[in-house]
Amino acid sequence: MYTQEGNWDLVGNNIPVFFIQDAIKFPDIIHAAKQEPDRAFPQAQTAHDNFWDFISLTPESMHMVMWIMSDRTIPRSFRFMEGFGVHTFRFVNAKDDSTFVKFHWKPKLGLQSVAWNEAVKINGADTDFHRRDLWQSIQSGNFPEWELCVQLFDQEFADNFDFDILDPTKIIPEEILPVQPIGRLVLDRMPDNFFAETEQVAFMTQNVPPGIDFSNDPLLQGRNFSYLDTQLKRLGGPNFTHLPINAPKCPFHNFQQDGHMAMRNPVGRTNYQPNSHGEGPRESPVQGYRHFASEEQGPKVRLRPESFADHYSQARQFYISQTPPEQRHIAMALTFELSKVENPVIRERMVSHLMNIDETLATTVAQKLGFQAMPKPADAAMPTRQDLEPSPALSIIERGPKRFEGRKLGILITDGVDAGLLKGLTAAITQEKAVFELIAPKVGGVTASDGNWVEAHHMIDGGPSVLFDAVALLTSAAAIDDLVKEATARDFVADAFQHCKYIGYDQSAFPLLEKAGIAGDLDEGVLALPGEDGLAAFVSELGKLRVWGREPSVKLGKASPPIK
């Protein structure tokens, strides 16, 4: 953020905790997650031995593991993601009083994620899916928006909270300390030049304006130390702050000059302060940056305190805060990742950690991995607390938006489509502040029932249902026979059903439901479209976003008996 007193980089994540408590382990977690160095694969994924070997030997990662194995890491769009500053910072007022603060970004359109199978197919259909989504939203004037919220608390709260507020693997549940909105972020344009404004941007946690200070969170202190070195190496020298994207927009003056690739060339004799020449700016002790004057006690050692030692209690709290579909997804994600681990010792070690989080989760994963017996729970520095209440704020489904605003309906059309029905449906979608795209056998479009030509956005081969939040089938009796012969049309419907999406259809499209193999399994999410007057109710129903009750029958099947 370009403030009136300099740049503020609120560097964080779409998850409020992190893998490690000690910044010296940063290279290890990054290396473990990258491709294995002797083969350069697998790339851009963590389903391999090195990552899970490191994680299984790092119990402090277990809270983060629950988050990364949840739907939080396969968002429907950047527009539907939460953001977090992760660490505990300080606000410092004019009287030098300090208030601890945790930063949150809340998406205006609510949270939403996709199913794993859906995510895989999206990546195959459109590798630019997320970037294209932002582009289209901004270009259409439906600007993505987040509220900047804060959790504020004093030293007394910190002293009495169940966990150390300086531990970056912990959160303060919103039910205990509600978030307060203080501002908003609106993305109203794309970069004019992606290299200049994206590739050359240099975010650093230590970039804060007066009034914001750092806590003693050891991971934050390590980031403050390391990020400058990172940018010096990445951008080639000390003058990366002169680049337009990194330069403050407010007036600023200092005596720092020269060096590699200098872009400002001051003149004069004086390049230091204080000086006797009366030249240049002077430091302002009133308006300049000030640290909070905290009193520290005890020896300074590289040692994590006992207050950082509970690695499982909040991991359990996150898991029990999820709805049953979300818990299933965590189990499925863990099973998939660990199935790619070749060393059985690593798989067993991870399941032993899961035993300390939730025995049913551990048993489910072990059974799906083919364990013959359950391992003992991992040794724990502190026992898992069973008294932490579920936090509904941690669930995507529990806090769902209950509206279709900002989402996209894919409408499959053919020649002879009912012109009135199509017009009514698109009007209802627009009224809901959502968008639609038309998919046709040919990208040129179709001739509607009134004889008018309707332009399409996609041909059926290039517009699979994974690109949309819900689908509607508007066909005609004359065209349906040819459509059901198209494998991509059958996949369009079958995938939408498998991914628990709402499907609307007119009566002429019923043969397509039959060919897709779902006609015998119709549920409350497969809806015969009403007349033009009832379409608003159909669109309102789409606000539920998914029919998760369908999932066990289309994905998981019957659960196997737990291991004794």
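These numbers come from a predicted model, not from an experiment. All heavy atoms count here, side chains included; hydrogens, waters and symmetry mates do not.
Between the side chains of Gln317 and Ser391, not a single donor N or O lies within less than 3.5 Å of an accepting N or O. Under 3.5 Å, the side chains of Gln45 and Lys340 contain no donor-acceptor pair of N or O atoms. The closest side-chain donor-acceptor pair between Ser137 and Asn142, if any, does not fall under 3.5 angstrom. In the model, Ser113 has no side-chain atom that pairs as donor or acceptor with a side-chain atom of Asp71 under 3.5 Å. Judged by distance alone, the side chains of Arg79 and Gln112 never bring a donor and an acceptor atom under 3.5 Å apart. Using modelled atom types and a 3.5 Å distance limit, the side chains of Asp217 and Ser215 yield no donor-acceptor pair. Using modelled atom types, one finds a donor on one side chain and an acceptor on the other under 3.5 Å when comparing Tyr227 with Arg223. The closest side-chain donor-acceptor pair between Glu326 and Ser395 falls under 3.5 angstrom.
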Open item on the list: For Ile20 and Phe54: C-alpha separation, side-chain torsions, deciding distance, then whether side chain to side chain contact (heavy atoms under 4.5 Å, CB included) applies.
Closed with: CA-CA 11 Å; Ile20 53 176; Phe54 175 85; 4.3 Å; yes

TODO: Go through the steps for Arg550 and Glu524 under the test side chain to side chain contact (heavy atoms under 4.5 Å, CB included), then give the verdict.
DONE: CA-CA 9 Å; Arg550 182 192 299 160; Glu524 69 274 16; over 6 Å; no

Open item on the list: What verdict does the side chain to side chain contact (heavy atoms under 4.5 Å, CB included) test give for Asp162 and Leu388, after you've listed the backbone C-alpha separation in whole Å, the side-chain angles of each residue and the deciding distance to 0.1 Å?
Closed with: CA-CA 10 Å; Asp162 290 336; Leu388 297 183; 4.1 Å; yes

Open item on the list: Lys170 vs Asp164, test: side chain to side chain contact (heavy atoms under 4.5 Å, CB included). Steps then yes/no.
Closed with: CA-CA 8 Å; Lys170 304 296 189 295; Asp164 197 321; over 6 Å; no

- [ ] Show your working on salt bridge (Lys or Arg N to Asp or Glu O under 4.0 Å) between Asp495 and Lys121 and close with a plain yes or no.
- [x] CA-CA 10 Å; Asp495 278 345; Lys121 291 180 177 179; 2.7 Å; yes

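In plain terms, the two heavy atoms of Trp146 and Met81 that are nearest each other are NE1-O, 3.0 Å. Contact between Thr198 and Pro191 at its shortest, heavy atoms only, is OG1-CG, 4.0 Å. Residues Ala489 and Ile460 approach most closely at N-CG1, 3.8 Å, considering heavy atoms. Among all heavy-atom pairs drawn from Val539 and Phe404, the shortest one is O-CB, 4.3 Å. Across all non-hydrogen atoms, the minimal contact from Ala125 to Val466 is CB-CG2, 4.4 Å. In this structure, Met64 and Asn13 approach most closely via the heavy-atom pair CE-ND2, 4.2 Å.
Inter-residue side-chain proximity for Val114 and His499 is flagged as unmet; no heavy-atom pair is nearer than 4.5 Å. In this structure, Pro59 and Tyr312 have side chains that are in contact, with non-hydrogen atoms separated by less than 4.5 Å. Counting heavy atoms from C-beta outward, Leu513 and Val493 have side chains that approach closer than 4.5 Å. At a threshold of 4.5 Å between non-hydrogen side-chain atoms, the residues Leu412 and Val471 do not count as touching. Phe468 places a side-chain heavy atom less than 4.5 Å from the side chain of Glu437. Taking the side chain as every heavy atom from C-beta outward, Trp67 and Leu394 approach each other to under 4.5 Å. Between Leu522 and Tyr505, the closest side-chain pair of non-hydrogen atoms falls below 4.5 Å. Side-chain contact check for Leu187 versus Phe78: every heavy-atom pair is 4.5 Å or farther apart.
In this structure, Lys108 places its NZ atom where only 12 or fewer heavy-atom neighbours from other residues, nucleotides or ligands lie under 6.0 Å away. Within a 6.0 Å sphere centred on NZ of Lys408, other residues, nucleotides and ligands contribute more than 12 heavy atoms. Environment of CG in Asp128: crowded, with over 12 heavy atoms of neighbouring residues, nucleotides or ligands closer than 6.0 Å. Residue Gln139 places its CD atom among more than 12 non-hydrogen atoms of other residues, nucleotides or ligands, all under 6.0 Å distant. No more than 12 heavy atoms of other residues, nucleotides or ligands sit less than 6.0 Å from atom CD of Glu359. The environment of Phe203 atom CZ is sparse: at most 12 non-hydrogen atoms of other residues, nucleotides or ligands sit within 6.0 angstrom. Within 6.0 Å of atom NZ in Lys442, 12 or fewer heavy atoms from other residues, nucleotides or ligands are found, so the atom counts as exposed in its surroundings. Other residues, nucleotides and ligands contribute more than 12 heavy atoms inside 6.0 Å of the CZ atom of Arg234.
Between Phe51 and Phe19, the ring-plane angle classifies as perpendicular under the 30° and 60° cut-offs. In this structure, His329 and Trp548 have perpendicular ring planes: the angle between them is above 60°, well past the 30° mark. Aromatic ring orientation, Phe18 versus Phe26: tilted (interplanar angle from 30° to 60°). Aromatic ring pairs are classed by plane angle as parallel below 30°, tilted from 30° to 60° and perpendicular above 60°; the pair Trp116 and Phe336 is tilted.
From Thr384, atom OG1 reaches atom CG of Asn356 across 4.5 Å, with rounding to the nearest 0.5 Å. How far CG of Leu361 is from CG of Leu354: 5.0 Å, rounded to the nearest 0.5 Å. The OG1 atom of Thr475 sits 4.0 Å away from atom CD1 of Ile480, with the distance rounded to the nearest 0.5 Å. Considering CG of Leu177 and CD1 of Ile165, their distance stands at 11.0 Å, rounded to 0.5 Å. Note: Ile503 CD1 to Leu542 CG = 11.5 Å, rounded to the nearest 0.5 Å. Of the inter-residue distances, the one linking Gln386 atom CD with Ser313 atom OG reads 8.0 Å to the nearest 0.5 angstrom.
A donor-acceptor pair under 3.5 Å is absent between the side-chain atoms of Asn343 and the main chain of Asp49, judged by distance alone. Between the Lys102 side chain and the Val86 main chain, a donor and an acceptor come within less than 3.5 Å of each other. Although no hydrogens or angles enter the test, the distance criterion places no donor-acceptor pair under 3.5 Å between the side chain of Gln231 and the main chain of Met204. Put simply, the side chain of Ser56 never gets that close to the backbone of Arg349: no donor and acceptor are under 3.5 Å apart. A side-chain donor-acceptor contact under 3.5 Å links Ser465 to the backbone of Phe492. Counting only distance, with no hydrogens or angles, the side chain of Glu432 and the backbone of Glu405 share no donor-acceptor pair below 3.5 Å. No side-chain donor-acceptor contact under 3.5 Å links Glu82 to the backbone of Leu111.
A salt bridge links Arg399 with Glu175: at least one charged nitrogen is closer than 4.0 Å to a carboxylate oxygen.
Between Glu118 and the choices Lys501, Arg76, Gln498, the side-chain hydrogen bond (donor to acceptor under 3.5 Å, both in side chains) rule is met once, by Lys501.
A cation-pi arrangement is not found for Arg72 relative to Phe318, the charged atom failing to lie both closer than 6.0 Å to the ring centre and inside a 45° cone about the ring normal. In this structure, Arg407 forms a cation-pi arrangement with Phe80, its terminal cationic atom sitting closer than 6.0 Å to the ring centre and no more than 45° off the ring axis.
Within the structure, salt bridge (Lys or Arg N to Asp or Glu O under 4.0 Å) contacts touching residues 18-27 (residues at least two apart or in different chains) are Asp22-Arg302, Lys25-Asp28.
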